[in-house]
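I have placed the structure first, in the form of structure tokens, so that the comments after it can refer back to it.
By convention in this document, chain letters (A, B, ...) are assigned in the order of the sequence lines, proteins followed by strands, and residues within each chain are numbered from 1. When reading the values below, keep in mind they use all heavy atoms of this one structure, side chains included, and skip hydrogens, waters and symmetry mates. Quick caveat: nothing in here was measured; it's all calculated off a predicted structure.
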Number of protein chains: 2
Amino acid sequence: MFENLFSKGGLSLERLRGFMSMAEAGSISKAAPGDATRQSQISRQIRELEEFFQTELTKRRGKTLTLSPAGQRLKVLIHEQLQDLEDFRKEQEGRPKSYIIGAGASVLEWLVTPALPAISQLLGGAILRTEAHRSRSLAEAVQDGRVDLAVIRQNAVPAGKNHALVLKMRFLLCIPRRLLRPGTTEPEAKKPALWQTLPFAAGRDGGQTDTAVRAAMQDAGVDFQPRFECGSMLQVRQLVALGACAGVLPSLGARGLSAEETLILPFTPLKDYGRALVLHWNERQMRRRGQEVDVLKKVAAQLARSA
Amino acid sequence: MFENLFSKGGLSLERLRGFMSMAEAGSISKAAPGDATRQSQISRQIRELEEFFQTELTKRRGKTLTLSPAGQRLKVLIHEQLQDLEDFRKEQEGRPKSYIIGAGASVLEWLVTPALPAISQLLGGAILRTEAHRSRSLAEAVQDGRVDLAVIRQNAVPAGKNHALVLKMRFLLCIPRRLLRPGTTEPEAKKPALWQTLPFAAGRDGGQTDTAVRAAMQDAGVDFQPRFECGSMLQVRQLVALGACAGVLPSLGARGLSAEETLILPFTPLKDYGRALVLHWNERQMRRRGQEVDVLKKVAAQLARSA
DNA sequence: TTCAAACATGACTCTGAAGTCAGGTATCTT
DNA sequence: AAGATACCTGACTTCAGAGTCATGTTTGAA
């Protein structure tokens, strides 16, 4: 039974561990920063696995190594196997499993984090670890098992893959009242001509959300030159809350802003934005890890309620 | 990354191998027959895994051990993992994967074995290993991954599990011409009254097929007392081919019998038997091992053509 | 051209687990 | 009750691989 895996030495869990540390860090030197001893050990272990599997697991790219296609497949395979062993062990010890849940930084902060206790409960008391990444990166990480659940834009989910609706994104125009002339009415505030006169904060990295906001402003006839360009919507909101400038925020991000200090209106140019946030998962992985589709749909429903 | 699998010693591939050898053999002494040294090694390795996983993997039953529920789950898990490593390795070495295909002994002989070359081709040049077992045992083995494909009775397949029709079982009454009075016509041969006068071979082990044949004879008014009781339909066919007695054979088993020497008629009491043979597989396992459902349906179609 | 960084390799020591031997314990058969 | 079988455990030796140290090679930056 699988005698040829054992008949010849060369395969060991420690070697797989060494390989995985390089695979997940991205390079040997990142896997063992400043540790020449550990670096030489990992290098040797990778070579020994290449000999055992009769294939190259890495390829040299300049000074550093990257994974070959075979190395990429082995990484996914061994990640799964180690995950299953860890799950089995935790089950036997009566301890909860760990899951990784990812979202964009602002969605993580405003939507996911508040829901973590309820999500943990739905997942049998699971330990949840959050990771902030872009939607596309998260979609990829879900496909190859590095992230279990992701709250991402629906259009980042690969065609035909599992997801459940969390919410439709809505945008709100948030204007510190202090920036408006006394007596300005809501109808007046809804006019793009007025917006032209306000300082704005916006995103800077050209993500889909930021691009959509800028395009909408353009379409509304506003020469949109934000005063502040921020790394994330978290920072945009902070500046708005401070009264420093106006901003267009997702509805999630506007919660908690003082209505006394900030005028909050639907951002009508993006009324029909239509983008949705969904909970995305890899069905094969979640089934293997003991979570059925109906539970995951409940997780999505819980996130929707938190919105 | 999975540091707690490694932070404490105790988990090694050799130990898992020792555990699997006991799990698959059914006991330590069967895993290491007559080898007291190896037997003591396996015993120790199982203990060390139990310490690592903090659970009992075996329980004592009289003198011997059996697997605990946790041991059973670990067996399935590790079997899968070793299978995947072996598949990966073979892929990298450019060698074909191995699959196990099971059927009852006679189905194996008459249906599966002739189709093996074509099946291998459909499965990418796979190495095929056959195993003969009862339908129920095979269904169970498919569920926990020990057998990849099984040709079994449709009613042995668990509800809702994957299968594709191979054939409807038909039965043929096979009468050596030498046992008939000269001038006996086919209409005469179809009469149960005549059957009463013939010696028969039948199965002995009370399987579903055998039971159905005996019941049908009874219903036809025949006091069915077979002269020979055989371990399998293979032997029944041999006796018929020798001209020693009549028998009721599945249509598969009648092929190659000489029409000159053997009168072959549909066995009308079981005309509406309705039982089907199907190809049964575990979708999760076959997908993991790189074979999609449409390929497996082609395998079933190939077997149907061989019939 | 020189230097730094990333990785590779030779050579060595250390060690956890494999492997072995001997004998003990519990269960079952005779 | 005695003997055989299945498994367990103590104690020991062996060894494959881990771990370490030192230095080499290749690539890229300065």
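- Regarding A/Leu65, its CG atom lies at a distance of 12 Å from the P atom of D/dT27, rounded to whole Å.
- Counting to the nearest Å, the P atom of D/dA29 and the NZ atom of A/Lys63 are 7 Å from each other.
- For B/Thr37 and C/dC21, the shortest distance from a side-chain N or O to OP1 or OP2 is below 4.0 Å.
- Distance B/Ile28 CD1 to C/dG19 P: 15 Å, rounded to the nearest Å.
- Within the nucleic acid shown, B/Gly10 comes within 4.0 Å of sugar-phosphate atoms alone, with no base atom in reach, counting heavy atoms only.
- B/Gln41 places its CD atom 12 Å from the P atom of C/dA17, with the value rounded to the nearest Å.
- Here B/Glu14 lies in heavy-atom contact (under 4.0 Å) with sugar-phosphate atoms only.
- At D/dA18, one or more side-chain N or O atoms of A/Arg15 fall inside 4.0 Å of OP1 or OP2 (strictly under the cut-off).
- Going from atom NZ of A/Lys59 over to atom C1' of D/dT26 covers 19 Å, rounded to whole Å.
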Item to check | From CA spacing to verdict: salt bridge (charged side-chain N to carboxylate O under 4.0 Å, His left out), A/Arg288, A/Asp84 | outcome: CA-CA 8 Å; A/Arg288 206 183 80 248; A/Asp84 288 345; 2.8 Å; yes

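- A/Tyr99 approaches A/Asp148 most closely through the heavy-atom pair CA-OD2, 3.3 Å.
- Regarding B/Arg60, its CZ atom lies at a distance of 13 Å from the P atom of C/dT25, rounded to whole Å.
- The nearest whole Å value for the distance from the CG atom in A/Asp35 to the P atom in C/dA6 is 13 Å.
- At a cut-off of 3.5 angstrom, counting only N and O atoms as typed in the model, there is a donor on one side and an acceptor on the other between the side-chain of A/Ser40 and the base of D/dC21.
- For the pair B/Ser12 and C/dA18, the criterion of a side-chain N or O lying under 4.0 Å from OP1 or OP2 is met.
- At whole-Å resolution of the value, CZ in A/Arg38 and P in D/dC21 are 14 Å apart.
- Using a cut-off of 4.0 Å between Lys/Arg side-chain N and Asp/Glu carboxylate O, A/Arg214 and A/Glu229 are scored as salt-bridged.
- In this model, no side-chain donor or acceptor of A/Arg44 finds a partner on the base of D/dG17 within 3.5 Å.
- A close approach under 4.0 Å does occur between a side-chain nitrogen or oxygen of B/Ser29 and OP1 or OP2 of D/dC7.
- Sequence order on DNA chain C of the closest nucleotides to B/Gln39 and B/Gln45 puts B/Gln45 first from the 5' end.
- Looking only at atom types and distance, the side chain of A/Lys90 has a donor-acceptor partner in the side chain of A/Ser98 under 3.5 Å away.
- Judged purely by distance below 3.5 Å, without hydrogens or angles, the side chains of B/Glu131 and B/His133 pair a donor atom with an acceptor atom.
- Within 4.0 Å (heavy atoms only), A/Gly18 reaches no atom of the nucleic acid at all.
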